[in-house]
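These notes are about the structure you will find just below.
For this chain, numbers begin at 1 and follow the sequence in order.
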Amino acid sequence: MKLYGLYGRSGTGKSHHAQWIAQKMNIECILDDGVMIYKGVLKAGYSAKLEKTMMDAVRRAIFMDTLHCQEVRSALLKYNPSKCLILGTSQRMIERICFRLDLNINEIEWISIDEIVNIEEKLLALEMRQKGLHAVPIFQSKLQAESRIASYAIKMLNRIKVSHHLKKTDEEFTVVRPIFAEGGVYIHPQVVSQSIHYLIEFHQYPFHMTRMVVLNHDLSHFHIKLHAKWQSDLRKESMRLQQHIFNFLQEKLGFPYPNIVIEIVSISPPTHMT
């Protein structure tokens, strides 16, 4: 297996550029923040972004947990990619990942994010991160082909502006800002919220979303509050919706491993009681 190590400080755009690099260099596999992505689909691992402390996140990212490490090792053996791109904040971090996963450190070809991203793009990536926007390494054409709901999300991406509620000026920032011709995108929480609202209506779930809270300004943790129409199997329906939202965010919008909490805050009484 040919290994590539993409390194650079946190917030400099590694995840955003990873898919573009992988496509240009015909790399099938990406290891990023504790997860293994093979041909654009998450196959194994657990995202370090879901950890509650910085120390736990670092341990997750370098596969210090034995079961986590074994899961990703097994997936690498199963899919047997010819090339793998490994992301880390430093060369040493990537070497530690290789050591844990039994990958040959001597075969790494190093890529500095500074060689890929110019100063303007790095400043934009940092600015977007500070505003709570999420960089997704996927392509709009792929999104549009996936489903009607994903197409709706793209329309929202192209329409919604990040205005004064993010920055106390009259200046506006577009939510979509293609960095390459193929088009990486920045997704604002408002887009995610309205897309989930549309998903609930489109599939006629017995719910109405009253609010979506992004925990700790991290677009990996979602707390979704619902009003429910009374019926006997609300628990089953809420679990089905939770899985549906998880699949949608992961497969259609490119979130590696979203954490979704569903809370029913109110219930309409049965019709015979009204």
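- Within a 6.0 Å radius of CE in M239, other residues, nucleotides and ligands contribute 12 heavy atoms or fewer.
- Proximity of a side-chain donor or acceptor of R100 to a complementary backbone N or O of F63 within less than 3.5 Å is detected.
- Note on E28 versus K83: no salt bridge recorded, every NZ/NE/NH1/NH2 to OD/OE distance being 4.0 Å or above.
- Annotation: the span from M212 atom CE to I196 atom CD1 amounts to 5.5 Å, rounded to 0.5 Å.
- The hydrophobic cluster containing I37 also contains I113, counting ILVMFWY residues as joined when their side-chain heavy atoms lie under 4.5 angstrom apart, directly or transitively.
- For NZ of K229, the number of neighbouring non-hydrogen atoms (other residues, nucleotides, ligands) closer than 6.0 Å is 12 at most.
- A salt bridge is absent between R59 and D65; no separation between the charged side-chain nitrogens and carboxylate oxygens falls under 4.0 Å.
- Hydrophobic cluster membership differs between I62 and L87, with clusters built from Ile, Leu, Val, Met, Phe, Trp and Tyr side chains linked at under 4.5 angstrom.
- Put simply, the side chain of K39 does not reach to within 4.5 Å of the side chain of Y79, judged on heavy atoms.
- Annotation for G8 and K14: closest pair O-NZ, 2.9 Å, computed over non-hydrogen atoms.
- Listed here is the closest heavy atom pair of L76 and P81: O-CD, 3.6 Å.
- Around CZ of R73, the count of heavy atoms belonging to other residues, nucleotides or ligands within 6.0 Å exceeds 12.
- Between C69 and M64 the shortest side-chain heavy-atom distance does not fall below 4.5 Å.
- Looking only at side-chain heavy atoms (C-beta outward), I224 and I245 come within less than 4.5 Å of each other.
- Of all heavy-atom pairs between A61 and D33, the closest is CB-OD1, 4.0 Å.
- Of all non-hydrogen atoms in V35 and S47, the two that sit nearest each other are CG1-N, 3.5 Å.
- Interatomic distance, CD1 of I262 versus CE of M209, reported as 9.5 Å (0.5 Å rounding).
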Audit row: V261, V213, side-chain contact (heavy atoms from CB on, under 4.5 Å) steps and yes/no: CA-CA 10 Å; V261 175; V213 178; over 6 Å; no
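- In summary, the side chains of T210 and H227 do not present any donor paired with an acceptor at a separation below 3.5 Å, with no hydrogens or angles considered.
- In this structure, I86 is not a member of the same hydrophobic cluster as I21, with clusters built from ILVMFWY side-chain heavy atoms closer than 4.5 Å.
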Could you please spell out the steps behind the side-chain contact (heavy atoms from CB on, under 4.5 Å) verdict for L77 and N80? CA-CA 5 Å; L77 290 172; N80 191 28; over 6 Å; no
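- Looking at every heavy atom in both residues, Q231 comes nearest to P206 through OE1-CB, 3.3 Å.
- Of the possible polar contacts, none joining the K2 side chain to the S82 backbone as a donor-acceptor pair under 3.5 Å is found.
- With respect to R240 and E237, a salt bridge is recorded, a charged nitrogen being found less than 4.0 Å from a carboxylate O.
- Between atom CZ of residue F207 and atom CD1 of residue I200 there is a gap of 8.0 Å, rounded to the nearest 0.5 Å.
- Cluster annotation: Y4 and I105 are assigned to distinct hydrophobic clusters (Ile/Leu/Val/Met/Phe/Trp/Tyr, side-chain heavy-atom contacts under 4.5 Å, transitive).
- There is a path of hydrophobic side-chain contacts, each under 4.5 Å, that joins Y7 to L3.
- A distance of 12.5 Å separates CD1 in I97 from CZ in R92, rounded to the nearest 0.5 Å.
- Closest non-hydrogen pair, I94 versus I108, comes out as CG2-CD1, 4.2 Å.
- Proximity of E263 to H223: side-chain heavy atoms (C-beta onward) are separated by under 4.5 Å at one or more points.
- Going from atom CG of L6 over to atom CD of E115 covers 9.5 Å, rounded to the nearest 0.5 Å.
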Let me see the working for N259 and F222 under side-chain contact (heavy atoms from CB on, under 4.5 Å), right down to the final yes or no. CA-CA 6 Å; N259 181 31; F222 303 94; over 6 Å; no
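- Considering only heavy atoms from C-beta on, L31 comes within 4.5 Å of L101 through its side chain.
- Between the side chain of Q242 and the backbone N or O of I260 there is at least one donor-acceptor pair closer than 3.5 Å.
- Atom OG of S193 is separated from atom CZ of R211 by 10.5 Å, given to the nearest 0.5 angstrom.
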